[in-house]
Amino acid sequence: MSSAVFAVSLPQRLRQLLATATVAAAEQGLLPRAASASEVALDRPKQAAHGDLATNLCFSLAKSAGKNPRALAEAMLPLIRAADSEGLLANLEVAGPGFVNLHLSALGWRSAVRDVLQAGNRYGQTQAGQGEKVLLEFVSANPTGPMHVGHGRGAVLGDALARILRAAGYVVSTEYYINNVGNQVAKLGESTWHWLRDDGKRQAALEQWNQGEPVAFPAGFPEGFPEDGYRGAYIAQIAQELRQDAELAGVCRAQSAWFSDASWGQAEPQNSSGRADNRAITVAAWRANLARIEQDLAVLDIRFDRWFSERSLHGLDPIGESQEMRNAVADCARRLQQRDWAYEEEGAGQDDDGNTLQGKAVFFRGTREDVPKPFRDTKDRVILRGDGRPTYFAADIAYHDDKLGRGFDHLINVLGADHHGYVSRLKGVIHALGDLRRSEGDPKADRWSGDRLEVILIQMVALLRDGKPVPMGKRSGEFVTLRDVVDEVTTAGNPHSGRDAVRFVFLTRKADAQLDFDLEVVRRSSMDNPVYYVQYGHARLASILARAAAEGKPLRDGADLSGLELDDERELALVLAEFPEVVARAAKGREPHQLAYYLMDACRAFHGYYSRHKHDARVISDDDRTTQGRLALVAALKQVIAAGLGLLGVSAPERMAELPEEQAEEPANG
RNA sequence: GCGCCCAUAGCUCAGCUGGAUAGAGCAUCGGCCUUCUAAGCCGAGGGUCGCAGGUUCGAGUCCUGCUGGGCGCGCCA
């Protein structure tokens with residue numbers, strides 16, 4: 001065991017103790033075999049009378065032992081007592097149909113406080129993930145416009161998950177896939193081009209923008225602006241930036257007549273779609289959008305290990321470290337056809353106007369019988385269109401081939417729930433690639449298995465203001481961006497408050513539950529908005545430690561814990577003991593919300609302790625022994641709450657900022 | 001039509017690999033600031049865990065069917 005690096009928590013020690021007891025039981029013939037520590041389930045009973053911790057171990061062992069659980073538990077008691085070499089247990093008993101209730105000794109529960117202080121900022125870290133190499137892809141919002149709250153939820157969840165997985169011993173790389181190829185991007189380029197051409201309309205639009213007008217442009221759009229173009233004001237703004245961009249101007253001068261119709265249509269084939277296109281403008285436009293996205297993410301303290309460009313998969317940009325120019329999309333499509341995983345056929349496809357599409361398309365055969373049932377598609381899907389252009393799906397095939405080729409054990413994609421129909425198809429693709437690679441003699445072919453991919457689907461966010469939906473006109477391009485939301489819930493005097501509030505609220509729901517995000521509620525500083533509850537708890541703990549130091553009674557290293565003897569203190573010690581388990585559970589279940597709820601519970605326990613004993617048992621007193629014990633507990637709690645907040649990417653302030661006017665205590669009327 | 005997700009207190013939601021008498025916040029009502037932060041604490045009321053079966057020592061949790069809500073089933077991404 002590498003206990004030098006990873007602290008062994010109290011629950012771990014108790015599991016080991018119980019496992020040791022089963023070894024003795026097996027030697028005595030009481031059990032056919034011993035149980036391992038990881039098999040032992042420990043619960044916090046809801047009722048104090050049921051002890052500090054309880055195990056249902058005897059239920060799971062009873063069957064193989066051929067005994068009833070209660071009798072087995074009775075027989076196990078002396079063995080458990082004997083295994084308690086450290087003296088962690090004060091008492092234990094069999095209860096109900098076969099539970100074993102554990103009552104901890106003072107030495108036992110106080111050791112949880114010691115664990116935290118000794119491990120320092122490593123407390124909570126475990127090896128649960130066993131070094132598994134995980135690629136975590138999230139956000140991957142199209143660089144065709146600003147991020148909205150839905151993107152924000154996926155971003156925050158993905159980022160928190162990365163932090164939690166790392167703490168739990170996974171080796172994580174985070175990645176943003178840039179969809180910078182295809183119809184949407186071409187549409188962006190075309191929309192931008194129109195604003196570029198029309199200086200008058202653009203200036204008028206920007207004036208409206210600067211005056212805070214909504215983005216529906218009373219002054220109108222440039223002539224010829226496509227009906228299905230991107231209608232948001234940000235396009236005009238980007239056009240303005242590009243107009244002033246010397247490098248881009250140079251490129252376009254070289255092409256001569258940047259704004260002429262003649263320059264239009266010099267598209268990369270992958271990027272067209274029968275739609276007019278211009279390489280330089282389109283690339284500049286999505287880059288400008290992506291720069292905004294990167295900034296918005298940075299406001300939420302989210303950064304990626306790698307930004308992966310779809311263009312590089314098409315051989316339009318160098319791919320990866322090798323800087324090789326290679327059309328991986330076309331390669332994958334061709335190889336799949338060689339093994340009958342794809343085939344060419346005249347389809348019955350229609351374009352947006354309902355016209356039948358001409359030409360033979362290439363279909364991925366996701367319906368093949370040898371595709372495992374959960375991954376099998378109901379229909380073969382087009383990867384190369386009749387005119388040879390690849391679909392989004394084709395690029396995604398190449399992307400996931402690339403991901404696994406980089407040696408990851410496990411892929412996690414965080415997607416919007418509206419993409420759920422896509423998931424099994426993608427797993428089917430990975431299965432097909434595995435089969436393909438086996439036939440090609442790839443020794444690592446078994447890596448390409450459908451179950452290496454895990455998709456976390458994020459449900460919708462409903463944006464509300466005071467309980468009423470915030471109107472979002474998709475057609476008008478009028479919508480509230482993620483940045484708007486962060487700005488709106490940022491309180492005066494604390495630049496981090498918006499980020500903290502947005503992150504925490506997003507992390508108080510499981511991914512698969514829809515989320516109501518009420519701007520009014522999130523801006524409020526009450527328990528409606530639990531981030532302040534937790535941060536207040538942390539600030540209160542910090543202030544106690546600061547006060548103790550100021551009074552010349554600072555917490556000393558290796559403090560005596562014998563002053564801790566209240567039931568509330570025992571409860572808090574048990575809360576501390578749970579933390580590493582909660583982190584591991586949140587990692588394993590990909591559920592950051594477990595950590596958010598833990599922090600709320602921990603703070604509830606602390607606030608209660610603080611308030612109940614503010615008159616009869618204050619932390620700082622003239623009694624050195626109790627003061628040191630309680631300061632140790634306070635320091636341990638502060639450390640755990642700060643660590644937990646850190647894993648959610650939320651700041652842990654030493655003191656709370658002044659309340660803004662409107663939220664200050666009700667002034668006496670008069 | 002087929003597929004996926006959801007359904008727990010008036011509202012918004014937790015409930016860890018099935019465990020003992022199902023929890024929290026908000027809202028409602030009643031208390032608590034002379035002393036480490038009242039952004040807090042203490043208390044009260046509030047439930048057929050959508051419905052019906054099944055699995056077992058035990059089901060909010062697992063299985064089947066049904067009802068109600070969301071989403072998906074493109075040569076879009």
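Below, read A as the first sequence line, B as the second, and so on, with proteins coming before strands; counting in each chain starts at 1.
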Of the listed B:A39, B:G74, B:G40, the closest approach to the A:Y532 side chain comes from B:A39

Is the closest basic N to carboxylate O distance between A:E551 and A:R547 below 4.0 Å?
yes

Phosphate OP1/OP2 of B:G74 contacted by A:R385 side-chain N/O (<4.0 Å):
no

Where does B:C13 land, syn or anti, given syn is within 90° of 0?
anti

With a cut-off of less than 4.0 Å, is there a side-chain N or O of A:N183 near OP1 or OP2 of B:C76?
yes

What I want to check is whether an N or O donor and acceptor connect the side chain of A:N101 with the base of B:A20 at under 3.5 Å.
yes

So does A:R612 get a side-chain nitrogen or oxygen closer than 4.0 Å to the phosphate oxygens (OP1/OP2) of B:C42?
yes

Between B:G40 (P) and A:N529 (CG): distance, integer Å:
10 Å

Any base atoms under 4.0 Å from A:E551, or only sugar-phosphate, or nothing? Heavy atoms, all strands.
nothing

From the candidates B:A14, B:A24, B:C5, the one with an atom nearest any side-chain atom of A:R509 is B:A14

Taking B:G19, B:C41, B:C36 as options, the one with an atom nearest any side-chain atom of A:H607 is B:C41

Base, sugar-phosphate alone, or nothing: which one does A:A548 contact when heavy atoms must sit under 4.0 Å apart?
nothing

In whole Å, measure the gap between the C1' atoms of B:G47 and B:A9 for me.
6 Å

Residue A:H615, side-chain heavy atoms: nucleotide from B:U35, B:C16, B:A77 that is nearest:
B:U35

Calculate the interatomic distance between A:Y343 atom OH and B:C75 atom P; express it in whole Å.
11 Å

Between B:A38 atom P and A:F606 atom CZ, what is the distance in whole Å?
10 Å

Assess the pair A:Y532 and A:F504: is the distance between their ring centroids shorter than 6.0 Å?
no

Taking CD from A:Q514 and P from B:U12, how many angstroms apart are they, rounded to a whole number?
11 Å

Would you kindly give the CZ-to-P distance between A:F363 and B:C73, to the nearest whole Å?
16 Å

Tell me what A:F393 touches on the nucleic acid: a base, only sugar-phosphate, or nothing, going by heavy atoms under 4.0 Å.
nothing

What's the CZ-C1' distance between A:F99 and B:G18, to the nearest Å?
11 Å

Quote, to the nearest angstrom, the C1' distance that separates B:A27 from B:G10.
8 Å

A:H419 and A:N413: side chain donor to acceptor below 3.5 Å
no

May I ask you to say what A:R618 touches in the nucleic acid, namely base, sugar-phosphate or nothing, with a heavy-atom cut-off under 4.0 Å?
base

Would you please classify the geometry between the A:F99 ring and the A:F59 ring as parallel, tilted or perpendicular, with 30° and 60° separating the classes?
perpendicular

Under 4.0 Å between any heavy atoms, over every strand shown, what does A:R381 touch: base, sugar-phosphate, or nothing? Just pick one.
sugar-phosphate

Closest to the 5' end of RNA chain B, once A:G608 and A:A513 are matched to their nearest nucleotides, is A:A513

Could you check whether A:H50 gets within reach of a base, just the sugar-phosphate, or nothing at all, counting any heavy atom under 4.0 Å?
base

Could you measure between the two C1' atoms, the one in B:G54 and the one in B:U61, and give it in whole Å?
15 Å

B:G3 versus B:U48 - spacing of their P atoms, nearest Å
32 Å

Toward the 5' end of RNA chain B, which comes first, A:V100 or A:S611, by nearest nucleotide?
A:V100

Rounded to the nearest angstrom, tell me the gap between atom NE2 in A:H419 and atom C1' in B:G74.
13 Å

Short side-chain N/O contact to B:C42 OP1/OP2 from A:Y610, under 4.0 Å
no

Within the structure, does a side-chain N or O atom of A:K614 lie under 4.0 Å from either OP1 or OP2 of B:G40?
no

Measure the acute angle between the ring planes of A:F393 and A:F364, then classify it against the limits of 30° and 60° as parallel, tilted or perpendicular.
perpendicular

Quick note, A:H420 side chain, CB onward, closest among B:G15, B:G3, B:G70 is B:G3

Salt-bridged, A:R630 to A:E569, with N to O below 4.0 Å?
yes

Side-chain atoms of A:A361 come closest, of B:C75, B:G40, B:C16, to B:C75

A:H593 vs B:G15: side-chain N/O to OP1/OP2 distance below 4.0 Å
yes

For the side chain of A:K46, counting heavy atoms from C-beta on, which of B:G23, B:A77, B:G40 is nearest?
B:G23

Could you check which of B:C41, B:U21, B:C16 has an atom nearest any side-chain atom of A:Q47?
B:U21

State which residues pass side chain to side chain contact (heavy atoms under 4.5 Å, CB included) with A:Y230; sequence neighbours excluded, sorted by chain then number.
A:T144, A:Q184, A:K187, A:L188, A:S191, A:Y234, A:I235

Would you classify A:N68 as touching base, sugar-phosphate or nothing, given that sugar-phosphate means primed atoms plus P, OP1 and OP2, and contacts are heavy atoms under 4.0 Å?
nothing

When you compare B:G45 with B:G23, how far apart are their P atoms, in angstrom units rounded to a whole number?
13 Å

With both distances under 3.5 angstrom, what nucleotide forms a Watson-Crick or G-U wobble pair with B:G74?
none

Does B:C51 have a Watson-Crick or wobble partner in any strand here, with both distances under 3.5 angstrom, and which is it?
B:G65

Between A:D516 and A:R509, is there a side-chain N and carboxylate O pair less than 4.0 Å apart?
no

Could you tell me whether A:E581 and A:K588 make a salt bridge, using a distance below 4.0 angstrom between a side-chain N and a carboxylate O?
no

Specify the separation, in whole Å, of atom CE of A:M600 and atom P of B:A24.
13 Å

Taking the C1' atom in each of B:U64 and B:A59, what is the distance between them to the nearest angstrom?
15 Å

Sugar-phosphate, base or nothing in reach of A:A41, heavy atoms under 4.0 Å:
base

Given the P atoms of B:G40 and B:G46, what is the spacing between them in whole Å?
26 Å

Mind checking A:A54 for me? I need base, sugar-phosphate or nothing, with any heavy atom below 4.0 Å counting as a touch.
base

Please state whether the phosphate of B:G74, meaning OP1 or OP2, lies under 4.0 angstrom from any side-chain nitrogen or oxygen of A:K379.
yes

Classify A:D418 by what it touches in the nucleic acid, base, sugar-phosphate, or nothing, heavy-atom distance under 4.0 Å.
sugar-phosphate

Give me the distance, rounded to whole Å, that separates B:U55 from B:C63 when you measure between the C1' atoms they each carry.
7 Å

